Amino acid sequence: MNKKFFAIILGCLLIFNLTPIFAGGEKEEVKEEGVTEIVYWQYFYETKKNLMDDLIGEFEAANPTIKVTQQTFPYADYNTKVAASVPSGKGPNVINLYYGWLPKYVTSGYLQPLTGADFTPAKVESEFFPLVKAAKFDGSYYALPTAVRSLALFYNKDLLAEGGYSAPPKTWEEAVEMGKDLAEFDKNGNFLQIGFGVNLDNQFHHVIREVLNRQMGTAPYNEDSTQVLYNNQAGYDAMKFVSDLELVEKTGRQAFMEDDRTAFKAGTCAMFVSGSFALGTLDKVEELNYGTAELPSMDGMQSNFASFWANGITSFTEGKELVASEKFLQFLTSADVMERWLAEIGELPANMELGQAEKIANDPKFGPFIRGLEYAHATVFYDESAQKSAMFDAYNRIVLQGMDVKESVDIAAKEEQAVIDKYFDK
Amino acid sequence: MKNKIKKGTLAREKEKWAYLFISVPVVFYLLVRFLPTFYAFYLSFTDWDIISASANWIGLDNYKRLFTDKIFYITLSNTFYYVLYGLPISILVGFLLAYNIDKVKIGSGLFKTIYFMPYITSMVAVAWVWRWLFQPAPIGIFNNILISMGIPMQEFLNSVEQSKGCILAATIWSGVGFQMIIFMAGLKGISKQYYEAAEIDGASAFNALRYITLPLLRNSFIFLLITGTIRFLRIFTQVVNMTRSSGGGPLNSAKPLVLYIYDTAFRSFDMGYASALTVILFIIILLITLIQMRVTRNER
Amino acid sequence: MKDRTLTNKIRPILLFIFGLLMLFPFVWMLSTSIKQGREVYSLSLWVSNPSLDNYTRLFTNSYFPRWFINSFIAGTIVTCSILFFDSLMGYTFAKHNFRGKKLIFILVLSTMMIPTEMLIIPWYLISSKAGWVDTYWGIVFPGLMTGFGTFLMRQFFDTLPDDLFDAGRIDGMNEFSIWVQIGMPLVKAALSALAIFSFVGNWNAFLWPLIISSATKMYTLPVGLALFNGEFSTEWEMIMTGASVATIPVIIIYIIFQRQIIEGIALTGVKG
């Protein structure tokens with residue numbers, strides 16, 4: 001019995017030591033002569049991956065000497081995956097990155113400046129929305145987006161109608177009123193439905209930073225983003241406004257049904273703020289009858305936060321691969337691809353002309369996002385994770401620990417300033 | 001004269017075999033564990049950010065920073081909380097389960113399987129279920145039960161004070177099958193003769209437990225104590241899954257050291273500092289383990 | 001005597017009641033996997049429109065079957081390797097004396113003290129240079145031997161009396177045979193436990209398989225299921241479905257091995 005046991009184990013070990021051979025064989029396909037192969041990385045999103053597969057097919061048909069392999073990764077761990085691959089010096093040729101990560105990736109030398117004729121600053125700035133400037137460093141662009149996204153107010157038409165509202169709020173005052181009204185409680189005072197969702201760990205920290213701060217009268221940072229500015233009265237007012245939503249106005253609360261986006265999907269949240277990337281998912285929820293509207297204004301002032309994922313070329317890509325990569329990049333950022341992207345994925349085109357075209361600007365779903373782009377700001381993030389935490393912690397200190405708003409915001413400002421300083425120290 | 005072990009040919013022969021047996025594992029550990037560990041130690045003296053090509057030597061700067069880092073102390077104390085509460089409870093519950101299931105005549109196999117199910121279920125799924133259990137009323141079942149008993153609603157995961165406890169509850173629940181199985185394997189190694197002799201002598205079940213079972217489970221217990229301490233000091237996945245977007249509970253209240261290390265390395269791209277934190281954690285674990293081994297050795 | 005029968009009667013009842021509580025989350029997971037749409041967020045165990053759509057989608061629209069096989073292959077390789085090497089080393093620590101034993105044992109234990117999160121970068125550097133990216137070897141190599149398993153086996157070998165082994169030496173067996181034929185059968189329970197833990201640990205491993213595999217085909221199960229964590233929302237019904245299916249082979253492995261733990265070995269005729 002024992003001999004058999006060991007025979008099995010040793011046998012297994014032997015067999016599996018051979019697996020590198022037949023597992024390695026997986027990768028090796030016949031390398032055709034004259035074909036340049038490049039690899040493209042993006043995070044996994046079903047519609048994006050599928051569209052990209054189609055686009056690659058078309059690109060390869062038009063460029064028979066180029067072969068593109070797409071590899072996708074779980075969204076939440078995408079940055080870890082990319083970072084871990086960097087020290088090995090190998091990886092994708094064209095890579096899709098969140099614009100907030102660009103400062104670090106560019107200064108570390110991971111990406112190379114885009115030097116083709118299609119990528120000159122003059123050309124880019126004449127075609128793309130101005131927020132794309134966030135991808136420009138030392139006079140060159142290091143990545144370009146196919147699509148951009150901004151924030152908008154999502155509202156549940158049915159819930160609003162039940163409450164007697166036929167239209168979404170236009171100002172923050174209206175939003176708060178409606179939010180209070182539409183919030184429902186059980187007999188013990190617990191939320192059954194929230195009127196206005198505020199989840200700082202999702203998108204709302206952007207709302208505080210770029211929307212409410214400005215509407216209250218302060219830019220969050222100075223011109224070249226080296227200095228935190230929101231630790232002033234306007235900034236305190238902005239944070240107080242938000243924390244009051246939970247503490248005073250009771251329009252909603254943190255951690256209700258996990259978060260506001262889950263609650264919205266489940267039909268227990270009347271309004272919340274999210275980005276255009278939510279459209280694809282929400283469309284699939286059959287029972288949900290929702291609409292989008294521009295973010296509420298305050299004293300007639302509107303503001304928005306825009307962001308984008310952009311495609312760059314890694315610095316170890318050279319020679320034929322570089323030429324192929326540039327061609328692919330140019331293809332990805334062409335107006336045709338952007339139109340397809342909008343249609344199938346629901347993300348806004350980065351091309352200004354396209355985005356401002358009649359049919360898109362007046363589209364009931366996309367319109368608010370496009371209009372929001374016009375007055376949107378893209379924060380320069382040096383460490384998005386830490387900066388988001390700073391804001392979220394400030395909110396929690398106020399709501400969970402009863403800290404004074406000014407004190408809490410001051411702490412957050414100090415933390416963010418430390419992040420900024422650390423980046424420039426290097 | 002020093003008390004040397006006299007090495008006869010038999011002993012020397014055995015020693016040769018011993019070296020042979022451990023040769024492959026030792027080489028393996030050197031390459032796969034030690035080399036990377038020295039690399040991490042080296043990195044703790046640099047300012048490497050993973051994505052840059054070069055790392056600059058900065059001496060003890062990371063360690064200096066560590067001593068004044070508030071979050072380090074918070075995460076360290078969180079980690080100790082997990083160990084000090086998690087370890088005794090899991091060992092106790094695991095033992096109670098193993099002991100009682102062992103004594104059950106019918107259906108012990110079924111019980112074993114039932115209590116083991118949480119261990120083999122994906123932590124992602126387990127965490128999701130528990131998060132919903134901890135929701136505020138009227139959605140969260142725990143709160144509903146509390147309210148029906150007249151106790152005010154609790155914030156649980158959204159509370160600075162309670163988040164750790166909630167995560168620990170889910171962790172212990174999902175891991176108790178592990179302690180149970182180890183104890184069961186240990187119980188099976190105790191010869192029935194001992195119990196038969198005890199019964200003949202008229203010993204009570206409690207005395208049998210005290211004088212036969214527990215002493216003979218010593219090795220299992222020591223194993224669980226030492227490995228359990230290490231595992232709780234390294235707790236990571238459970239917290240990540242239970243706190244998701246807040247990443248460690250509100251205001252870092254549930255964040256263990258390893259999660260802080262991970263975030264520092266892969267979110268803030270501060271590999272140098274993360275390595276310094278790792279070195280400190282390693283030293284802490286090593287010291288505690290050595291102490292535990294020393295303390296549990298003495299009664300031989 | 002009376003006490004004993006009362007305890008014996010209550011015991012299974014209590015175990016059963018707590019057992020139901022134990023099962024509750026698992027049952028919830030299953031019931032979510034057959035839910036659709038908004039009902040996923042309704043917290044009832046009862047499903048109004050049960051449907052296997054999620055399962056269909058999982059098996060046809062994703063690489064799920066492949067991930068399943070990958071996890072299974074990786075888990076089997078690692079478990080076999082651990083059962084061999086960890087018990088060999090554990091046995092050596094327990095039953096052999098050699099210079100440096102104490103130090104080497106501490107060193108082996110110390111391999112458990114570094115979080116693997118910090119080792120993945122050196123591992124990836126090694127793998128990338130050696131061409132192990134996107135291979136099974138790449139997935140398994142860090143886990144082939146563990147300090148944990150070595151420690152476990154040492155504890156269990158340690159409980160065995162030395163006489164047994166000396167008897168083998170007197171009979172002229174070589175050291176390897178002594179380990180295999182005398183030692184191993186006596187620690188079957190521990191080996192079974194180790195097999196279960198190694199397999200389960202490997203089955204649920206996420207970070208390293210994520211880093212080592214870039215081709216979706218070579219993902220293991222946890223990595224593949226993570227693809228359902230979208231940017232905006234997570235498709236929980238899909239994850240619950242995947243998690244439900246993922247428990248099946250683990251349950252089977254458990255059922256196979258747990259009998260060893262029930263049967264155990266009766267040490268008869270040995271002077272204690």
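In what follows, every chain begins at residue 1, and chains take the letters A, B, ... in the order their sequences are listed. All values reported here derive from a predicted model rather than from experimental measurement.
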Under 4.5 Å heavy-atom distance to chain B, tell me which part of [X] shows up: side chain, backbone, both or neither.
X: C:Ile120; answer: side chain
X: C:Lys101; answer: neither
X: C:Ser244; answer: neither
X: C:Leu107; answer: both
X: C:Leu194; answer: neither

Could you tell me which portion of [X] (side chain, backbone, both or neither) has an atom closer than 4.5 angstrom to a non-hydrogen atom of chain C?
X: B:Tyr119; answer: both
X: B:Val258; answer: side chain
X: B:Phe178; answer: both
X: B:Thr113; answer: both
X: B:Phe41; answer: side chain
X: B:Leu110; answer: neither
X: B:Leu97; answer: side chain

Closest non-hydrogen atom pair between [X] and [Y], with its separation:
X: B:Arg234; Y: C:Thr116; result: NH2-N, 3.7 Å
X: C:Arg99; Y: B:Glu15; result: N-OE2, 3.0 Å
X: C:Met22; Y: B:Trp173; result: O-CZ2, 3.0 Å

Does C:Phe141 have its ring centroid less than 6.0 Å away from the ring centroid of B:Phe28?
no

Would you give the length of the straight line joining atom [atom1] of [X] to atom [atom2] of [Y], rounded to the nearest 0.5 angstrom?
X: C:Ile114; Y: B:Ile285; atom1: CD1; atom2: CD1; value: 8.0 Å
X: B:Tyr29; Y: C:Leu144; atom1: OH; atom2: CG; value: 10.0 Å
X: B:Leu20; Y: C:Glu175; atom1: CG; atom2: CD; value: 10.5 Å
X: B:Glu13; Y: C:Asn174; atom1: CD; atom2: CG; value: 9.5 Å
X: B:Ile222; Y: C:Asp158; atom1: CD1; atom2: CG; value: 9.0 Å
X: C:Lys102; Y: B:Met293; atom1: NZ; atom2: CE; value: 8.0 Å

Can you list the steps and then say if C:Thr234 with B:Arg244 is a side chain to side chain contact (heavy atoms under 4.5 Å, CB included)?
CA-CA 11 Å; C:Thr234 302; B:Arg244 297 189 81 230; 3.0 Å; yes

Under 6.0 Å from the CD1 atom of B:Ile106, do we count more than 12 heavy atoms belonging to anything else shown?
no

Within a radius of less than 6.0 Å around CZ of C:Phe24, do more than 12 heavy atoms belonging to other residues, nucleotides or ligands occur?
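Yes, the 6.0 Å shell around CZ holds more than 12 heavy atoms from other groups.
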
Verify, without hydrogens or angle tests, whether B:Tyr115 (side chain) and C:Leu15 (backbone) share a donor-acceptor contact under 3.5 angstrom.
yes

Check: B:Trp17 side chain, C:Phe176 main-chain N or O, donor-acceptor pair, under 3.5 Å:
no

For B:Phe21 and C:Tyr91, take the angle between the two ring planes, folded into 0 to 90°, and tell me which bin it lands in: parallel under 30, tilted 30 to 60, perpendicular over 60.
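Tilted.
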
Return the orientation label for the C:Tyr254 and B:Phe116 ring planes: parallel under 30°, perpendicular over 60°, tilted otherwise.
parallel

Quick one: of B:Ile139, B:Leu233, B:Ile283, who has the most non-hydrogen atom pairs under 4.5 Å with chain C?
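So the answer, after comparing B:Ile139, B:Leu233, B:Ile283, is B:Ile139.
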
Based on non-hydrogen pairs under 4.5 Å, which of B:Ile182, B:Leu35, B:Leu224, B:Val279 is most in contact with chain C?
B:Ile182

Side chains of B:Thr278 and C:Pro115: closer than 4.5 Å at any heavy-atom pair?
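Result yes, sub-4.5 Å side-chain heavy-atom pair found.
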
